[in-house]
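The structure under discussion is supplied below as structure tokens; questions concerning it will follow.
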Amino acid sequence: MQLGRFEIPIHKITDIFISHLHGDHYLGLTGLLFSMHLRKRQVDLHLYSPPGLNEIILLQLKYSKSVLNYKIIFHVYNPEEKQVLMEDDVLTVETIPLVHKLACAGFLFEEKEKPRRIDKTKLGSPLLLQHLVILKKGEDIFREDGSVLHRNKDFTLDPTPSYSYAYCSDTAFTEKIVEQIKGVDLLYHEATFMEEEIGKAIETKHSTAKQAAEIARLSGAKKLLLGHFSARYRELEPLLAEAVSIFPSTSLAIEGQTFIPN
Ligand SMILES: [Zn+2]
């Protein structure tokens, strides 16, 4: 429902990553899967989760006598181990083992290096279509006798930067994740409580806003996003202020908002 509200086209979703099986992290999923079916999706959907979610979904399909018109490909992973879940030409996604009441993993999304960009101001020069393909790979273009016809640097610009994003929810404070997320461009870290509720955070294996900021500081993240706030906080500004006192580049993860690295 929220995806619809923010006009996110669900047919473009190819992969879904579920961190753990507390209801607030997957109960909306069945509705989404059926919406995709009703909209005549045919493309495979990849679903990554700890053990159990595959059984839950298959049981729901079985008892509603439903046959989806697309295939769900289940990828069951062990949240206690770091592992690469998917990799293609542009992206790798790996798990970040977290500390929570249920087995739980965050996800590290890392863009691969992008191709060099053709300098459009040079397009008037005598370039053939096959030259553009070679130039994008960062290579020079040679004549048949082996001499250089076009130098790459004369026709291309550096690639746009590649970014990384770490999603860490739900988790107690753990420095174990710091090494893996070092220098990440954007860190989402849960901040269920404020520091005055540290006892509750320890008991429920969640984090405080201050602890989230501490992880951002230790890992050298460029930007921190706080989320997963306890319903007890009607105002979120105090959580933000607590984190900002330790890590200034912090924002609240408000649903529907987009954060672009700078
Ligand atoms: Zn949880």
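When a ligand or atom number is given, it counts from 1 through the structure's own listing order. Below, each value reflects all heavy atoms present in this structure, side chains not excepted, and no hydrogens, waters or symmetry copies. Only a predicted model underlies this, so the values are computations on that prediction, with no experimental measurement involved.
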task = Find out if a path of hydrophobic residues (ILVMFWY) with successive side-chain heavy-atom gaps under 4.5 Å connects Val184 to Leu85.
result = no
request  = Give me the one residue out of Leu224, Leu225, Leu226 that meets side-chain contact (heavy atoms from CB on, under 4.5 Å) with Leu187.
outcome  = Leu224
remark   = A correct count of protein N/O/S atoms found below 2.8 Å of the Zn ion (ligand 1) gives 4
query = Other than Val43, what residues sit in its cluster of Ile, Leu, Val, Met, Phe, Trp and Tyr side chains whose heavy atoms are under 4.5 Å apart, directly or through others?
reply = none
remark   = Contacts satisfying ring pair (Phe, Tyr, Trp, His ring centres under 6.0 Å) that involve residues 171-202 (not counting sequence neighbours) are Tyr167-Tyr188
request  = Look at the rings of His22 and His100 and say which category their plane angle falls in: under 30° parallel, 30 to 60° tilted, over 60° perpendicular.
outcome  = perpendicular
ask   = Please, which pairs that meet ring pair (Phe, Tyr, Trp, His ring centres under 6.0 Å) have at least one residue in residues 127-149, sequence neighbours excluded?
value = His131-His150
